[in-house]
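Step one of this worksheet: look at the structure below.
Throughout, numbering of the chain's residues begins at 1 and tracks the sequence.
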Amino acid sequence: MVHVFNMDDLYAAVDTNSGSVHILDKLTYELLKDENFRNSDKVKEISNKHGEADTKEALSEINELIENGSLYTKDLHVKKNFKTVVKAMCLNVAHDCNLKCNYCFASQGNFGGKAMLMPFEVGKKAFDYLVANSGHRRNLEVDFFGGEPLMNFEVVKQLVEYGRELEKTHDKHFRFTITTNGMLLNDEIIDYINENMDNCVLSLDGRKEVNDRMRRTANDKGSYDIIMDNFKKLVEKRDNKVYYLRGTFTNYNLDFAEDVKHMHEEGFKILSMEPVVTDESLPYAITAKDIPLIKDEYEKLAKYMLEEAKKDNAFQFFHFYLDLDKGPCIYKRSVGCGAGSEYLAVTPEGHFYPCHQFVGEEEYIIGNVDDGILRPEVAEEYSCITVDTKEACNNCWAKYFCSGGCHANAIHFSGDVHKPYAVGCELEKKRVECSIYLKAKLAELED
């Protein structure tokens, strides 16, 4: 399967199964965009337009790529062939929040239940389970999440200390992340995060009016003026350690490239802007009718990033990062989401869920910190899902870039983990195209 696309003056072809990306001239692009390019009438049409000699040369180059296995390669049909181990946990240390964001999938922090904080003993048992079930894997990931995890900051510190003790006795290495809305950040907490967190995710939706429309305080005021200064201070003191300034865009700000631009102009260099995923009946929801506008906005963002790079003012955008040289192995690209098998979410009570987006839906509880996994059939089912088990993925050129997408989104929108979230699929394909465009154009600058 081969996908060809054009963006500005860039023409490209993506070979689905090999992952090869080819930058084309216009003649080769016109041949490949019609899979019947070997048809004599098609060749004659192209020859009349571009000349017989150039057309023959292009066909020769296409055939050479086919022969060397980088174009029209065969389907891989990867199957699960080894036992997975737990390598990551999302610790919901706080089912409570000091903001009441309109779009919050966690029901404004409490996940549809009562507000509560995780006791240290629950987190300690979760760490013990992670270490005991991680096999020979040395590097382990823990994300302190909520609600707002800084509402339980003392327990976060206790758990980090406990994790460091486990590292010494079990030859493991913990990589800690914290996701925060920034409301409780102060000098002490900022210094602690920068010293102990390998990554931190900072929630801001962009421009003040956009952020404050959805991310409001308990007394119904905007949060922007409080958190912007806090985030700037944290990032300034973070040196070269990783962080993400992460926003959510909704139907209210489909011009979200302006929000990314705003965050960049405020001095932030590592950015993410995610489409809201919610009930399509809500006024701020993103639906299929919004896809054309969003695709245009992604193109606008890619072109802005290119112009900034030309001015030595480059920045990173999470969804446009594409490693075409040293990306994950084909197994990982086929299976993708590790929910329920490689990744678990843990609630303050100690319940295990396949991931944080299932928390609060009791039918998805699969175990707990005391008894371990009580529904291994769920983990087994999820770990066996590949792009080959999803009918919608079979004929999708981008399947090895998204690996079939998010299990939770699939279930919440179709009721079937094997049916991907269609809107998400369309947006992902556009992001891949923009990533390739940007990578190719930046390579031209280096030359």
Side-chain angles (χ1 to χ4, degrees), residues 3-14 16 19-23 199 201-207 235 242-249 253-277 286 290-328 332-333 336 396-406 421 423-447:
H3 171 70
V4 296
F5 70 94
N6 161 233
M7 192 180 301
D8 280 354
D9 60 346
L10 181 86
Y11 300 92
V14 183
T16 298
S20 299
V21 175
H22 307 279
I23 305 305
N199 189 9
V201 182
L202 313 172
S203 299
L204 178 84
D205 284 354
R207 294 162 291 180
V235 170
V242 176
Y243 71 91
Y244 277 97
L245 191 66
R246 181 203 181 280
T248 298
F249 71 87
N253 63 313
L254 294 177
D255 61 342
F256 61 88
E258 295 302 315
D259 293 294
V260 177
K261 180 179 179 181
H262 172 76
M263 294 191 289
H264 178 232
E265 289 174 342
E266 289 294 326
F268 299 99
K269 297 288 188 180
I270 312 177
L271 309 176
S272 174
M273 184 64 70
E274 309 279 341
V276 70
V277 180
I286 289 171
D290 300 315
I291 290 174
L293 284 175
I294 295 173
K295 287 183 176 182
D296 288 345
E297 203 67 12
Y298 278 131
E299 283 200 21
K300 184 187 300 183
L301 177 56
K303 293 169 186 176
Y304 170 72
M305 292 181 68
L306 180 61
E307 291 306 310
E308 291 301 291
K310 291 177 181 177
K311 296 185 287 188
D312 292 325
N313 194 27
F315 65 97
Q316 298 177 38
F317 181 67
F318 177 76
H319 283 302
F320 287 174
Y321 177 74
L322 201 62
D323 189 345
L324 298 174
D325 302 313
K326 298 178 181 179
K332 184 62 181 174
R333 289 191 290 128
C396 177
W397 65 269
K399 60 185 177 182
Y400 293 122
F401 290 103
C402 75
S403 309
C406 168
Y421 170 47
V423 170
C425 293
E426 288 303 306
L427 300 187
E428 175 64 11
K429 286 185 279 191
K430 188 61 185 179
R431 291 192 290 251
V432 172
E433 289 184 348
C434 288
S435 303
I436 292 170
Y437 166 84
L438 199 55
K439 193 173 184 70
K441 288 295 185 181
L442 291 174
E444 288 180 6
L445 294 181
E446 293 175 1
D447 293 340

Output the distance between atom [atom1] ([X]) and atom [atom2] ([Y]), rounded to the nearest 0.5 Å.
X	Y	atom1	atom2	result
Lys269	Asn313	NZ	CG	3.5 Å
Trp397	Phe5	CH2	CZ	6.5 Å
Phe318	Leu245	CZ	CG	14.0 Å
Leu306	Cys434	CG	SG	11.5 Å
Glu299	Asp296	CD	CG	6.5 Å
Leu322	Phe401	CG	CZ	5.5 Å

Problem - Salt-bridge criterion met for Glu426 and Lys295 (N-O under 4.0 Å) - result: yes

Problem - Result of checking Met273, Glu297, Glu274 against Phe249 for side-chain contact (heavy atoms from CB on, under 4.5 Å) - result: Met273

Exercise for the section: Apply the side-chain contact (heavy atoms from CB on, under 4.5 Å) test between Leu271 and each candidate in His264, Arg246, Met305; give the one that qualifies. Expected result: His264

Might you point out which heavy atoms bring [X] and [Y] nearest each other, and give the distance in Å?
X	Y	result
Ile436	Ala12	CG2-CB, 4.4 Å
Glu428	Cys402	CG-CB, 3.6 Å
Ile286	Val276	CD1-N, 3.9 Å
Leu301	Ala257	CB-CB, 4.1 Å
Ser435	Phe320	OG-CA, 3.1 Å
Tyr400	Thr16	CD1-O, 3.2 Å

Practice task
Run the numbers on Phe268 and Tyr244 for ring-ring contact (aromatic ring centres under 6.0 Å, His included), then give the verdict.
Solution key: CA-CA 9 Å; Phe268 299 99; Tyr244 277 97; over 10 Å; no

Exercise for the section: Could you go through the side chain to side chain contact (heavy atoms under 4.5 Å, CB included) check for His3 and Lys429 one step at a time? Expected result: CA-CA 10 Å; His3 171 70; Lys429 286 185 279 191; over 6 Å; no

Handout entry: Working for side chain to side chain contact (heavy atoms under 4.5 Å, CB included), residues Phe256 and Ile294
Key = CA-CA 8 Å; Phe256 61 88; Ile294 295 173; 3.9 Å; yes

Practice task
Check the pair Lys261 / Glu308 against salt bridge (Lys or Arg N to Asp or Glu O under 4.0 Å), numbers first and verdict last.
Solution key: CA-CA 10 Å; Lys261 180 179 179 181; Glu308 291 301 291; over 6 Å; no

Practice task
Given side chain to side chain contact (heavy atoms under 4.5 Å, CB included), test Asp290 with Val423 step by step and report yes or no.
Solution key: CA-CA 9 Å; Asp290 300 315; Val423 170; over 6 Å; no

Fill in the blank from the handout: Result for side chain to side chain donor-acceptor pair (under 3.5 Å) between Tyr298 and one of Arg431, Lys430, Lys303, His319 points to Arg431

Practice task
Indicate yes or no: at least one non-hydrogen side-chain atom of Asp205 is less than 4.5 angstrom from one of Asp259.
Solution key: no

Handout entry: Side chains of His262 and Glu266 in contact at under 4.5 Å (non-hydrogen atoms)
Key = yes

Exercise for the section: Could you go through the side chain to side chain contact (heavy atoms under 4.5 Å, CB included) check for Lys441 and Leu445 one step at a time? Expected result: CA-CA 7 Å; Lys441 288 295 185 181; Leu445 294 181; over 6 Å; no

